[in-house]
Amino acid sequence: MKVYLLSFIVAFIVSLIATPIAKKLAFAIGAIDIPDEERRIHTKPIPRLGGLAIFSGTIISILLFLPKTSETIGIVLGATIIAVLGLFDDKYSLSAKIKLLGQVVAAVVLIISGVRIDWLSNPLGDGMIYLKSWVAIPLTLFWVVGITNTMNLIDGLDGLAAGIAVISSGSLFIVSLLNGRFATAVISIAIAGAALGFLPYNFNPAKIFMGDTGSMFLGFVLAAISIQGAVKSAAAIAIAVPILALGVPIFDTAFAIIRRLINGKPIMEADKGHLHHRLLEKGLTQKQAVLIMYGVSLLLGISAILISFSSELKGLIILLISILLVMWGADKLELLERQKKGTQAR
């Protein structure tokens, strides 16, 4: 356990020290988040480049405590591409197409290095289901690019994305330990340390945002380690483990897509319908809304851990209960919102 503790401590200290430096750099190059009435919650300009501190803490820890295997190098290179892409986006506001292209390139680097979903445990019996390349490669691309963007979308309140990253990576750390995945355990605990080191500067009232540099980086690395440490595990329904560990951003994005399709709006169009926005509309403060989201993420993370060593039947029951609870909560929010609008109309 010593190496895991050291990985966490190094990532935490580097991130804690690097965040004020990133703040100064953001002001120097003009990477500032300017408030707007459409989506922003804050009321004054905030520097964006906090993700550089999270990136630095995580990568330094990985390079110090992991052997330089092709998969580790692939994760580091892919994550660096994502961080550079996010840096340019935080400065210049890149188009969605350019960001998507950069994310695909980073995902391809992962796949070439050997990080891909090429087999799954068989939920209906013993053994594994091996995937052909024409299935494995698109599936891995979809997963990595998808999770990269879900973390980006959840970054809407002070401390939300960083805290969710700590909880999700902590859950994946435990799952990786249970499955004997040393490398993914080290990376998971490094992410937790780096995100936690950044959190004191980012929790409400935030002094700095992680920006796309941080949110896309976190999503990308979490997607990569979930493939190695959770999808490729002996759990009966292993694919459910990372879905629950990363449940808050995944479910929030899924609900956003459904909502926009129902309303006839483009699925990539930004709005204020995310779960955290709805909690604010109910009169909660930013801190209260974030703490509720932390609680939901923690419950889903615990469910992921339980599934990782449960039988097929128990795993399915845990998964169904988790999904039903999330849907019930989202339905309650929707009902309260409709009642509020009805009261205002009268």
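As the structure is a computational prediction, the values presented were derived from the model and not from experiment. The basis for the numbers below is simple: all heavy atoms, side chains too, and nothing from hydrogens, waters or symmetry mates.
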Trainee: Checking S168 against S171: is there a side-chain donor and acceptor pair closer than 3.5 Å?
Mentor: no

Trainee: Please say yes or no: joined through hydrophobic side-chain contacts below 4.5 Å, possibly via intermediate residues, are L25 and I60 part of one cluster?
Mentor: no

Trainee: Treating R48 as the side-chain partner and D90 as the backbone partner, does any N or O pair qualify as donor plus acceptor under 3.5 Å?
Mentor: yes

Trainee: With a 4.5 Å heavy-atom cut-off, do V144 and L110 have their side chains touching?
Mentor: yes

Trainee: To the nearest 0.5 Å, what is the distance between CG (L246) and CG (D252)?
Mentor: 13.0 Å

Trainee: Do you know which two heavy atoms are closest between L284 and L280, and how far apart they sit?
Mentor: O-CD2, 3.5 Å

Trainee: What is the minimum heavy-atom distance between V115 and A224, and which atoms define it?
Mentor: CG1-O, 3.9 Å

Trainee: Out of curiosity, I98 CD1 to L85 CG, how far, rounded to the nearest 0.5 Å?
Mentor: 9.0 Å

Trainee: The test is side-chain contact (heavy atoms from CB on, under 4.5 Å); show your working for L177 and F182 and say whether it passes.
Mentor: CA-CA 7 Å; L177 284 182; F182 171 74; over 6 Å; no

Trainee: What distance separates I117 CD1 from I227 CD1, expressed to the nearest 0.5 Å?
Mentor: 4.5 Å

Trainee: Taking C-beta and beyond as the side chain, do P249 and I147 meet within less than 4.5 Å on heavy atoms?
Mentor: no

Trainee: Are the side chains of W143 and I243 in contact, using a 4.5 Å heavy-atom criterion?
Mentor: yes

Trainee: Classify the ring geometry of F55 against F217: parallel below 30°, tilted from 30° to 60°, perpendicular beyond 60°.
Mentor: perpendicular

Trainee: S133 vs R116, test: side-chain contact (heavy atoms from CB on, under 4.5 Å). Steps then yes/no.
Mentor: CA-CA 10 Å; S133 293; R116 69 180 196 176; 3.4 Å; yes

Trainee: Report the residue from I225, V166, I54, I62 that forms a side-chain contact (heavy atoms from CB on, under 4.5 Å) with I191.
Mentor: I225

Trainee: Do you know which two heavy atoms are closest between M210 and A162, and how far apart they sit?
Mentor: CE-N, 3.5 Å

Trainee: Are V135 and F142 connected in the hydrophobic side-chain network, where two residues link if heavy atoms are under 4.5 Å apart?
Mentor: no

Trainee: With a 4.5 Å heavy-atom cut-off, do F209 and D158 have their side chains touching?
Mentor: yes

Trainee: Are the charged groups of D212 and K99 less than 4.0 angstrom apart, N to O?
Mentor: yes

Trainee: Tell me, yes or no, whether the heavy-atom count around K68 atom NZ, taken from other residues, nucleotides or ligands under 6.0 Å, exceeds 12.
Mentor: yes

Trainee: Side-chain contact, heavy-atom cut-off 4.5 Å: F198 with I208?
Mentor: yes

Trainee: Other hydrophobic cluster members with V104, side-chain heavy atoms of Ile/Leu/Val/Met/Phe/Trp/Tyr under 4.5 Å, chained?
Mentor: L100, V108, I111, I112, I137, L141, V145

Trainee: Is there a donor-acceptor pair under 3.5 Å between the side chain of N179 and the backbone N or O of V175?
Mentor: yes

Trainee: Keeping S297 on the side-chain end and M293 on the backbone end, is there a donor-acceptor pair under 3.5 Å?
Mentor: no

Trainee: Checking T150 against T253: is there a side-chain donor and acceptor pair closer than 3.5 Å?
Mentor: no

Trainee: Which atoms form the tightest heavy-atom contact between F220 and A107, and what is the distance?
Mentor: CE1-N, 3.9 Å

Trainee: With clusters defined by side-chain heavy atoms of hydrophobic residues (ILVMFWY) lying less than 4.5 Å apart, directly or transitively, does V3 cluster with I174?
Mentor: yes

Trainee: Give the C-alpha distance, both sets of side-chain angles, the deciding distance and a yes or no for side-chain contact (heavy atoms from CB on, under 4.5 Å) between T69 and I73.
Mentor: CA-CA 6 Å; T69 64; I73 292 171; over 6 Å; no

Trainee: Just so I know, are the side chains of M151 and M216 near enough to count as touching, which here means a heavy-atom distance under 4.5 Å?
Mentor: no

Trainee: Quick check: is I21 connected to L199 through a chain of hydrophobic side chains (ILVMFWY, heavy atoms under 4.5 Å apart)?
Mentor: no

Trainee: Applying side-chain contact (heavy atoms from CB on, under 4.5 Å), name anything that partners V290, two or more places apart in sequence or on another chain.
Mentor: L157, L160, F203, Y294

Trainee: Just checking, any donor-acceptor pair under 3.5 angstrom between side chains of S61 and S7?
Mentor: yes

Trainee: What's the verdict on side-chain contact (heavy atoms from CB on, under 4.5 Å) for V109 and I81, showing C-alpha distance, side-chain angles and the deciding distance?
Mentor: CA-CA 9 Å; V109 170; I81 292 171; 3.9 Å; yes

Trainee: Below 4.5 Å, heavy atoms only, C-beta onward: do L49 and L52 meet side chain to side chain?
Mentor: yes

Trainee: Looking at T19 and S15, what are the two nearest heavy atoms and their distance?
Mentor: OG1-O, 2.7 Å

Trainee: State whether the number of non-hydrogen atoms from other residues, nucleotides or ligands found under 6.0 Å of Y92 atom OH is greater than 12.
Mentor: no

Trainee: Mark yes or no for whether T213, through its side chain, and G86, through its backbone, hold a donor-acceptor pair below 3.5 Å.
Mentor: yes

Trainee: Is any side-chain heavy atom of L172 closer than 4.5 Å to a side-chain heavy atom of L222?
Mentor: yes

Trainee: Is there a path from L87 to L77 through hydrophobic residues (I, L, V, M, F, W, Y) whose side chains come within less than 4.5 Å of each other?
Mentor: no

Trainee: Which heavy atom of S215 sits nearest to which heavy atom of N152, and what is that distance?
Mentor: OG-OD1, 3.0 Å

Trainee: Checking K23 now: which residues fulfil salt bridge (Lys or Arg N to Asp or Glu O under 4.0 Å) with it, not counting sequence neighbours?
Mentor: none

Trainee: Tell me whether the centres of the aromatic rings in Y4 and F65 are closer together than 6.0 Å.
Mentor: no

